[in-house]
Chemist: 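Just dropping this structure here.
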Amino acid sequence: MKKLKSITILLIAGFLLASSCNKDNPQPVDNTARLTLSFYHLVDSLPIDFDTMKYVNAAGNPYLVSEIQYFISDVTLHNTDGTYHLLDAWEDIHYVDTDLYETFKYVLKDSILPGTYDSLIFTFGISEEKNQSLMFVNPPESNMFWPEYLGGGYHYLKLNGKWKDTEDIIHPYNFHMGIGQIYDPESDEITGFVQNYFKVKFHYNLEIEPGDTIFIPIDVHVDQWFENPHVFDFNVWGGDIMQKQDAMQVAKENGHNVFQKSMIIGD
Amino acid sequence: MKRLRILIMFVLLFVTVVSLAQPIVVKGTILDAKSHEPIVEVEIINLFTSRGSTSDKAGKFSISLTDTNKTKLSFHHLAYETKTIQVNSFLNQETAIILLDPKTENLDEFSIIGQFENDKPYRIEYLNQKNIAEAHSNDIGALLRKEPNISGIKKGALGIDPVVRGLKYSQLNVQLNSGVKIEGGCPNRMDPAIAHVDLNDLQGITILKGPFGLKYGPNFGGVLNLRTQRLTFYQTYETHVSALMGAQTNQEGYKTKVRVNGGGGKLAYDFSGNWKKYGDYTAGNGETVQSSFQQYNLTGKIGFKPADGHTIEFGIDRSWGRNIDFPALPMDERSDDTYIYDLDYLGTQIGKTINFIRAKVYRSDVHHIMDNKNRPFSDTVVSISDIRASNTGARFGINMNLWKGRLEVGGEYERITKDGERTKTLIMQPGLPVKVEDLWNNALIQNGGIFAEFQKQSHNIEWIAAVRMDLNSATSNPLLREKPNGDNVYQNENTSSQFTNFSASAGLTWHINASNELLFSMGSGTRSPDMVERFIILLPIGYDPYDYLGNPLLKPENNNEIDLGYRLTKNKVGQIYLSGFFSLLTNYIYSKELPPSVVKPQTPGVLGVKQFINIDYAYLTGFELTYSTPQKYDWKLHFNAAYTFGINPTVNGNDPLAEIPPFESNLNFSYSFFGNQLVPELSLRMVAVQNRVSIDYNESPSQAFTTLDFKLRYQFSKNLNVFAGVSNIFNTAYYEHLNRNIIGSTLPLYEVGRVFYLDLIIKL
Amino acid sequence: MKKLILFAIGIIFFTTACQQENQVKAKYIVTDAVSAYNLQYLDSSGELINETVYPESAQDQWSFNYMANEGDIVYVSGNYKDINSALKIMILLDGKVYKQASNEGDTLKYLTVSGTVPYK
């Protein structure tokens with residue numbers, strides 16, 4: 001009986017010992033680099049004071065900013081050898097929301113090959129091919145849905161706030177961008193849709209080494225939506241533009257100047 | 001004068017004492033009440049002194065008694081109803097004749113087999129009706145957690161998924177009444193097989209550990225056999241009505257069961273209905289845990305005996321589950337509708353060679369609906385999953401005397417189908433868009449197998465060996481997940497597979513002497529992958545936050561196990577049973593992360609996609625130790641301790657296997673008052689900390705805890721039994737290692753705090 | 001006799017236990033619009049009904065009553081083009097406001113109010 005007990009204990013102990021033997025597993029070496037974009041939201045080149053009526057746009061409208069929500073997609077690096085590297089393996093459409101601090105950083109998990117890159121390109125909004133209704137089922141992205149009858153897909157931009165008219169009366173504004181509609185002037189029926197997304201291109205001189213993590217900060221000059229090259233007057237367009245393609249065209253052209261590079265790396 | 005009086009007193013006293021001490025020998029003969037044949041090895045116990053004797057081959061016994069006025073003798077035998085007789089009643093007769101009634105509930109395959117063989121050489125845990133009634137549980141999985149090396153994964157109010165020696169899910173062969181299999185509907189296993197059976201309908205649960213019970217189907221980790229109440233064929237026509245009513249505090253709710261059974265001669269019937277409704281409970285730390293549910297069922301069984309020794313039974317079980325909370329999952333179970341049909345034949349008395357023939361045909365149908373309507377997320381998207389799963393099968397076996405031993409051969413067939421979809425209604429959007437996704441796409445698994453098991457006893461060794469062959473095939477419509485524009489997120493057309501699996505086991509029980517036994521078993525059990533492992537399409541059904549992807553070409557896994565056991569049984573000591581096992585799992589089914597270039601995750605918040613794969617090997621080892629005091633004493637002590645650990649040597653230098661419970665021990669003490677009429681019991685449960693956690697799965701360790709329960713069983717009368725108690729007397733705040741976290745938080749599901757309960761069982 | 005009584009008690013238990021489908025009175029109310037708007041809503045059979053409503057004034061109320069079951073989706077969505085118009089949508093269950101919203105403070109010309117009838 002005793003002998004048997006000791007044998008059993010020995011056996012169990014034996015297994016325990018065998019199991020604790022560690023094997024060394026070789027760790028794989030990563031030869032690639034990573035990219036992270038950061039977004040800073042500014043009005044008049046200073047960080048935004050939200051919900052504070054202290055700003056005046058180029059048209060002379062006093063305004064405040066409540067919140068900004070938008071999509072950035074199809075981040076691409078252009079190599080000096082002429083090739084484009086589209087970083088869409090993990091997250092090709094990124095949502096930014098001034099109410100969600102964590103969205104200000106866009107960490108691209110794609111592996112970037114070492115080399116020399118001379119520009120960074122991204123799409124403001126979502127391309128026609130990718131802007132599919134119902135692809136986002138969960139909030140907050142799902143709340144950016146653009147109604148089917150107005151073109152479907154998702155908003156590129158929701159810039160919400162308030163403005164004062166010439167009689168100092170405060171009105172809300174919803175400066176929203178997405179797929180525009182063409183209305184028949186007589187029947188007022190929708191006869192076509194317009195894609196209002198656009199590409200932003202920054203020139204950099206990037207020497208990317210294996211294992212690098214490149215941080216690219218981007219300033220978002222919100223006031224430029226209303227200013228450059230077209231002066232946007234709320235008194236003319238009103239507070240909402242999502243069903244006014246002409247207004248969205250203005251916004252689209254102004255939009256190129258909204259995104260500016262903050263710091264230069266490697267140049 | 002004084003001296004004389006004292007002397008007389010002494011003499012009188014002496015005479016009284018001597019006469020009291022005078023042993024009287026009571027003799028008798030014990031016969032079968034029906035056949036009048038003598039019964040050998042009946043245990044006769046003097047209830048006053050707890051001393052006993054046994055009857056010989058002629059049914060004769062003799063027992064010494066000192067005080068005949070108070071003495072009751074009780075007569076025990078496995079196959080007969082226990083009888084208790086006041087000694088006075090037969091003292092004057094030369095030899096008394098005691099008639100024992102054969103137990104009429106002898107139709108269960110396990111008790112039939114019990115007449116032919118002793119315990120197996122591997123670990124088996126038995127829970128009988130008394131254990132089940134006393135345990136006061138609402139869920140079979142919860143009840144099993146107190147057995148050594150058995151735990152359960154808890155995700156919500158019901159359906160705790162059993163884990164035996166670290167193995168779980170389809171690695172365990174869970175069946176109802178020796179053969180009926182049930183396939184749950186939920187990809188997240190809200191409704192494992194045990195969830196579709198009502199605990200109050202069970203007469204017993206048998207757990208065979210290890211890949212050894214090969215005659216019960218393909219076996220990998222063990223067999224869990226749930227046995228419902230069997231039909232009783234009464235001699236003359238009788239009807240019995242019984243009812244169970246129970247209520248409790250903390251998780252306020254109540255349960256009711258009504259049963260009518262009876263019959264006579266060649267016909268028997270059994271109808272019952274169960275109803276349970278419970279609310280949320282408070283854990284030891286004061287937190288309210290969502291745990292409400294409603295469950296009801298109706299069962300009907302009819303049996304008849306076309307000839308002596310042959311029985312045909314047909315049974316239907318229809319159950320309803322409604323509004324069952326699952327706080328650890330993103331959805332709750334809205335409804336479960338299950339139908340189980342079972343046609344059974346058992347033939348005995350077929351001759352000297354054939355011991356019995358059994359055959360069974362069954363079908364189980366599960367319709368499972370779950371949704372997120374009680375969750376805040378349903379403000380934006382209402383998700384409803386609707387799944388139908390069915391399991392149709394048959395089983396047969398012949399047990400015969402051959403080659404001076406017993407051979408059982410037979411086979412079974414099982415056909416599992418599963419189909420379901422998830423509908424997402426985006427209720428915040430104009431136009432009320434609706435998106436429908438396949439969860440299962442007409443998935444089908446079939447398994448057919450044949451087995452042979454041979455047992456032989458030579459001298460003091462019982463040998464057993466079994467072999468099994470299974471043909472397993474599976475297929476489904478292509479695995480497909482699409483984007484709304486028609487682009488593919490994932491597509492796999494290669495969904496068919498076929499396997500031929502071999503399993504074998506052998507073992508021996510060596511009765512060294514009357515008290516000591518040595519048990520040894522070794523076996524190799526093969527399990528084919530299940531519905532989830534083969535066909536799931538991007539759902540976070542695993543322990544870790546990844547979208548899991550089925551692998552239709554997954555290979556079967558093997559459990560190559562050795563068990564060693566030692567058992568000591570002594571009249572005055574009781575029984576000690578120590579068992580240890582070592583399992584080498586080959587082609588172990590594990591998972592591997594897939595790069596997003598292959599497939600992107602679809603569920604928000606997950607870290608990526610993992611697909612099921614086979615890895616070369618992993619292993620598990622552990623032990624169980626149980627001790628019980630002798631049955632004949634009024635006081636009973638029961639102790640158990642168990643531990644298992646598992647290793648995956650292919651990952652991170654010996655990563656522990658995930659979801660294995662820690663070391664645990666249980667201590668029970670009870671005392672029988674008034675001839676078993678009043679039995680209080682104290683149960684102490686001690687669970688150690690679990691620090692052996694899987695790094696690969698980012699598993700969290702868990703804390704140690706101790707709980708104390710008090711139970712009381714009171715047999716008020718022949719017709720009324722009362723069970724009352726307090727569980728978790730100290731209102732300990734604790735959670736089991738295998739309890740999942742509440743969705744969206746790092747906090748685990750806490751177990752219930754202190755509960756006062758009262759159950760009444762009335763039998764008429 | 002005793003058996004019969006027990007059996008009867010058992011049956012009574014069951015009949016009282018049997019779940020009845022819990023129904024609630026659902027009511028949709030839409031108001032605040034000064035001109036025509038498109039409306040979509042779910043009725044008792046789960047059908048999405050499309051309607052154009054022509055209110056006479058902002059105080060004009062459009063309403064719809066029906067019996068809804070526990071777990072049913074309740075849904076009302078409206079849209080219009082007139083920049084001077086607005087919408088206020090309310091969903092009431094058994095007389096109490098379950099969900100409501102208005103697009104005052106917004107220039108958006110569409111509004112959706114929805115939910116599921118709570119389980120008791």
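Every chain is numbered from 1, with letters handed out A, B, ... down the list of sequences. Below, each value reflects all heavy atoms present in this structure, side chains not excepted, and no hydrogens, waters or symmetry copies.
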Chemist: Do B/Arg481 and B/Asp547 sit within salt-bridge range, that is, some charged N less than 4.0 Å from a carboxylate O?
Modeler: no

Chemist: Within 45 degrees of the ring normal and closer than 6.0 Å to the centroid, is that where the cationic atom of B/Lys610 sits relative to B/Tyr697?
Modeler: yes

Chemist: Check this for me, if you would: do B/Asp563 and B/Lys209 make a salt bridge, where the nitrogen-to-carboxylate-oxygen distance has to be below 4.0 angstrom?
Modeler: no

Chemist: Highest number of heavy-atom pairs under 4.5 Å with chain A: which of B/Pro595, B/Gly431, B/Pro601, B/Pro430?
Modeler: B/Pro430

Chemist: Tell me whether B/Arg123 forms a cation-pi arrangement with B/Phe581, defined as NZ or CZ under 6.0 Å from the six-membered ring centre and within 45 degrees of its axis.
Modeler: no

Chemist: Within residues 105-121 of chain A, which residues come under 4.5 Å of chain B, heavy atom to heavy atom?
Modeler: none

Chemist: Taking side chain to side chain donor-acceptor pair (under 3.5 Å) as the criterion, tell me which of A/Glu189, A/Gln243, A/Gln245 meets it with A/Tyr183.
Modeler: A/Gln243

Chemist: Can you see whether B/Asn149 engages B/Thr644 through a side-chain donor-acceptor pair at a distance of less than 3.5 angstrom?
Modeler: yes

